[in-house]
Each structure stands twice: as structure tokens, then as C-alpha cells.
Amino acid sequence: QLQLVESGGGLVQPGGSLRLSCAASGFTLDYYAIGWFRQAPGKEREGVSCINSNGESANYADSVKGRFTISRDNAKNTVYLQMNSLKPEDTAVYYCAAVRVISVCSRGSWWYDYWGQGTQVTVSS
């Protein structure tokens, strides 16, 4: 009933950009914190970024800090991850996740109740 759907992944050259979207259905995101995670084959899942329910607070993994930006449009029930200056090591399946909390967010995967199916991002020349 409650779904998150990621989109916007694809193939991009190093130094390029992509914008990922996370769209919610069956519920509204007004009171939910959102996290972005990624996982490549043979690697551990990494918490990339998170944003709190009203968009006033966000944090990032050191590996993406300064290159990625998380944002949300609650009126559209959608959260975004703008990815710039992409590197081959950014290649992974990217997932979004949601939990009904206010004021704070976390990049720990255990914190979230709802998960999308993921979208593939490949950075290669």
C-alpha cells in the first residue's frame, strides 16, 4: 500500500550529473524523514544522504559531500538527490527510504520503515 519509487538513474560519464527522484504513493511525505542509500556488488550498503521532514536539515556521507545535494518537494510528494561531479566509485544501485519522524534524520538503514526498489547509477567512460 505504501510505496517509494526511485527514478532518474542511468549511465553517465565521469564528471557528469544525474538527478534521482523518490516518489511516494499511498502516503504523504510531510512528516517523514528520507534517506538515500547505495549499494554496489560486493560492497556494503552506504548511507549517502538524508533530509528531515520539512527540509530544514540534511547530512551527507564524506564520500559525496560537496558533490551531492538532497532536497524535497512535499507538495509533489517527492525527494530528490542531485549528483554532480560523478565518479566511477559512485556506481551503485541507489535506494530511498522513509520513516515518520520530525526534526531529524539519520543515514543508518535500520532507522527506516519503507524502502524503494532502487535505481541503477553507472559512471563510466
Side-chain angles (χ1 to χ4, degrees):
Q1 294 183 15
L2 307 179
Q3 290 188 338
L4 297 171
V5 179
E6 302 93 338
S7 63
L11 176 64
V12 65
Q13 291 185 320
S17 298
L18 287 172
R19 189 179 76 159
L20 305 183
S21 298
C22 174
S25 62
F27 67 108
T28 60
L29 292 177
D30 297 43
Y31 306 107
Y32 287 78
I34 302 294
W36 281 100
F37 300 83
R38 66 186 182 186
Q39 189 165 27
K43 295 184 178 180
E44 296 181 349
R45 182 165 55 186
E46 178 184 22
V48 174
S49 182
C50 71
I51 188 167
N52 75 340
S53 58
N54 62 14
E56 294 180 351
S57 179
N59 65 68
Y60 301 87
D62 288 343
S63 58
V64 307
K65 196 171 298 181
R67 299 187 297 120
F68 291 11
T69 303
I70 192 170
S71 63
R72 66 191 299 157
D73 187 341
N74 284 353
K76 296 182 178 180
N77 226 24
T78 302
V79 175
Y80 306 96
L81 184 68
Q82 179 67 47
M83 305 186 296
N84 298 326
S85 301
L86 283 163
K87 304 174 181 179
E89 51 263 44
D90 295 319
T91 297
V93 177
Y94 284 71
Y95 302 88
C96 66
V99 63
R100 195 181 188 277
V101 298
I102 60 172
S103 298
V104 298
C105 77
S106 172
R107 291 186 290 105
S109 61
W110 58 89
W111 208 56
Y112 293 91
D113 295 322
Y114 308 109
W115 290 80
Q117 294 298 116
T119 185
Q120 177 71 48
V121 172
T122 302
V123 184
S124 177
S125 60

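Under the 4.0 Å criterion applied to side-chain N and carboxylate O atoms, Lys87 and Asp90 are not assigned as salt-bridge partners.
In this structure, the side chains of Val121 and Thr91 stay at 4.5 Å or more apart for every pair of heavy atoms. With a 4.5 Å cut-off on side-chain heavy atoms, Ile70 and Tyr80 do not count as touching. A 4.5 Å side-chain heavy-atom check between Gln39 and Val93 finds every atom pair outside the cut-off. Side-chain contact between Ser53 and Asp30: absent, with no pair of heavy atoms (C-beta onward) separated by less than 4.5 Å. For the pair Tyr95/Leu4, no side-chain contact is recorded, criterion being any heavy-atom separation below 4.5 Å from C-beta on. Inter-residue side-chain proximity for Leu81 and Ser49 is flagged as met; some heavy-atom pair is nearer than 4.5 Å.
Listed for the Glu6 side chain is a donor-acceptor partner under 3.5 Å among the backbone atoms of Gln117. Judged by distance alone, the side chain of Asn52 and the main-chain N or O of Ser103 form a donor-acceptor pair under 3.5 Å. Judged by distance alone, the side chain of Thr119 and the main-chain N or O of Gly9 form a donor-acceptor pair under 3.5 Å. For Arg107 (side chain) and Trp36 (main-chain N/O), no donor-acceptor pair under 3.5 Å exists by modelled atom type.
Taking CG of Leu11 as the reference point, atom CD of Gln13 lies at 8.0 Å (rounded to 0.5 Å). The OG atom of Ser124 sits 12.0 Å away from atom CG of Leu86, with the distance rounded to the nearest 0.5 Å. Put simply, OG on Ser109 and CD on Glu46 are 11.5 Å apart, with the number rounded to the nearest 0.5 Å. Between the CD1 atom in Ile51 and the CG atom in Asn59 there is a gap of 10.0 Å [rounded to 0.5 Å]. Atom OH of Tyr31 is separated from atom CG of Asn54 by 11.5 Å, given to the nearest 0.5 angstrom.
There is no path of hydrophobic side-chain contacts, each under 4.5 Å, that joins Ile34 to Val101. Val104 and Val99 end up in the same hydrophobic cluster when Ile, Leu, Val, Met, Phe, Trp and Tyr side chains are linked at under 4.5 Å.
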Are Thr78 and Asp73 close enough, and set up right, to give a side chain to side chain donor-acceptor pair (under 3.5 Å), and what steps lead you there?
CA-CA 6 Å; Thr78 302; Asp73 187 341; over 6 Å; no

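Here the closest heavy-atom approach between residue Ser17 and residue Ser85 is recorded as OG-N, 4.3 Å. Closest approach of Tyr32 to Ala98, counting heavy atoms only: CD2-CB, 4.0 Å.
Evaluation of the ring pair (Phe, Tyr, Trp, His ring centres under 6.0 Å) rule for Tyr112 yields Phe37 as partners, not counting sequence neighbours. Listed by chain and number, the residues in a ring pair (Phe, Tyr, Trp, His ring centres under 6.0 Å) with Tyr60 amount to none (sequence neighbours excluded).
No side-chain donor-acceptor contact under 3.5 Å links Ser71 and Gln82. In this model, a donor atom of one side chain and an acceptor atom of the other lie less than 3.5 Å apart for Tyr94 and Arg38.
Residue Ile102 qualifies as open at atom CD1: its count of foreign heavy atoms under 6.0 Å is 12 or below.
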List the atom pairs, donor and acceptor, that lie under 3.5 Å between side-chain atoms in residues 20-29 and the rest of the protein, sequence neighbours left out.
none

